[in-house]
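One structure is given below, encoded as structure tokens.
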Amino acid sequence: MRTDYQCLLVEQDGGVLTVTMNRPEKLNAFDDTMLQELTEVIEAVAQDEAVRCLVITGAGRAFGSGQDLTTFAARSATAGPFKVSQHLVSYHRLVFAIRNAPKPVVAAVHGVAAGISCNIALACDMRIAADNARFIEAFARIGLVPDGGGGFFLPRLVGMGKAIEMSMLADEVSGPEAERIGLVNKCVPLAEFESTTKAFAQRLAKGPTRSYALIKELIYTSVQVDLQTSLRLEGELQDKAFETADHREGVTAFLQKRPAQYTGH
Ligand code: LHQ
């Protein structure tokens, strides 16, 4: 696993890989390098069996402030005719890397998560927030629409009404409020944020990783297909889960009245 990134800090602790976006002077705004590096590391993690849970977080006082507007403004001014959608293709690759990774991806959000940084957090499988978190669908503040999958993830997490409200008014949603409306899984006091995230990720990393990958496929497919298709998929995925060593270990451990020791296979 490569660890010498320009805009990321990458640290492995057992089965947990923590990737920290590291442009704190700009509240971890995305420039091309950070976007490319984050995508690369997540795609690599997908193939690496030693990593069984990925945590994405931000250095300094924020998770991320969205697209780096300084570099982006400079490019729009000099690059001639330019379609933002061309640039968004790179973000879409990142979104797919997160969703397709066959293991849990957790966003650990403290401070601000604005614009496309907010939506990258929403693309993750679960979110832990510190109580100082500030989620901002900042796009309408600058006359844009939510991108990076926000238009897809937001209504699925919080419902249409809240999704429209967050997108149109672009007001901050605090960590506790985010927990109340289902935008995050858990919100904890800032003092407990690091230890809670670590314990949460370590628990996931010790889980039945193959089963988790199949769960991702089942749940994410369910929002796009009818019941019959979902039940058919359920059968296919359960056949695969049934074949895993972790399933056998889970049943054996239950019968022997001891905790299961999952290997991820
Ligand atoms: C920043 C940024 C930033 C550069 C803070 N860029 N420097 C859009 C366009 C095209 C294609 C792709 O998709 C997108 C998607 C998007 O993400 S659109 C949304 C982009 N993000 C924003 O509009 C948020 C802009 N930032 C803010 O509104 C505030 O900075 C927030 C609310 C995030 C944080 O406010 P504060 O806590 O008061 O911090 P600050 O404003 O003082 O920021 C600290 C520094 O970070 C400051 O630099 P300075 O040199 O003055 O200390 C900011 O300029 C810099 N920074 N966001 N996106």
Side-chain angles (χ1 to χ4, degrees), residues 6-9 19-40 42 56-99 107-124 127 129-155 157-158 163-178 183-184 187 190 193:
Q6 202 180 308
C7 302
L8 303 176
L9 303 171
V19 178
T20 305
M21 297 180 281
N22 190 29
R23 303 185 73 226
E25 69 291 349
K26 295 203 170 187
L27 305 184
N28 307 316
F30 276 100
D31 66 356
D32 288 352
T33 306
M34 194 172 90
L35 175 57
Q36 158 67 32
E37 289 183 347
L38 187 58
T39 307
E40 186 186 309
I42 296 170
I56 302 175
T57 193
R61 68 176 174 93
F63 180 80
S65 59
Q67 170 68 41
D68 187 323
L69 293 174
T70 48
T71 55
F72 203 77
R75 176 196 318 200
S76 321
T78 56
F82 171 73
K83 284 256 188 230
V84 180
S85 55
Q86 292 166 2
H87 178 61
L88 287 176
V89 169
S90 305
Y91 281 107
H92 298 168
R93 188 173 149 200
L94 170 59
V95 169
F96 279 119
I98 293 169
R99 295 297 270 218
V109 180
H110 64 290
V112 90
I116 207 156
S117 302
C118 179
N119 290 338
I120 294 306
L122 302 192
C124 294
R127 283 150 291 286
D131 58 2
N132 75 343
R134 303 155 62 195
F135 294 88
I136 316 173
E137 290 289 341
F139 305 89
R141 290 187 181 181
I142 54 170
L144 296 178
V145 303
D147 57 22
F152 184 89
F153 302 125
L154 199 55
L157 285 166
V158 299
I164 293 275
E165 179 190 324
M166 282 183 68
S167 302
M168 285 190 180
L169 300 183
D171 287 336
E172 291 186 17
V173 172
S174 69
E177 174 70 354
L183 192 67
V184 303
C187 174
L190 183 60
F193 174 66

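Counting starts at 1 for both ligands and their atoms, following the listed order.
By the 6.0 Å contact criterion, CZ on F96 is open, its count of non-hydrogen atoms from other residues, nucleotides or ligands being 12 or less.
A distance below 6.0 Å separates the ring centres of F30 and Y91.
Among residues two or more places apart in sequence or in another chain, the side-chain contact (heavy atoms from CB on, under 4.5 Å) test is passed with A163 by L154, P155, V158.
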Nitrogen or oxygen contacts under 3.5 Å, ligand 1 side and protein side:
| unit_1 | atom_1 | unit_2 | atom_2 | d |
| --- | --- | --- | --- | --- |
| ligand 1 | 6 (N) | L69 | N | 2.9 |
| ligand 1 | 13 (O) | D147 | OD2 | 2.8 |
| ligand 1 | 17 (O) | Q67 | N | 2.9 |
| ligand 1 | 17 (O) | I116 | N | 3.0 |
| ligand 1 | 21 (N) | S65 | O | 3.0 |
| ligand 1 | 37 (O) | R61 | NH1 | 3.0 |
| ligand 1 | 37 (O) | R134 | NH1 | 3.1 |
| ligand 1 | 39 (O) | R61 | NH2 | 3.1 |
| ligand 1 | 57 (N) | S65 | OG | 3.1 |
| ligand 1 | 58 (N) | S65 | O | 3.1 |
| ligand 1 | 58 (N) | Q67 | O | 2.9 |

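The two atoms that bring I116 and Q67 nearest to each other are CG2-N, 3.7 Å, heavy atoms only.
Going from atom CG of L94 over to atom CD of Q36 covers 10.5 Å, rounded to the nearest 0.5 Å.
Panel note: side chain D131, backbone P176; no donor-acceptor pair is recorded below 3.5 Å.
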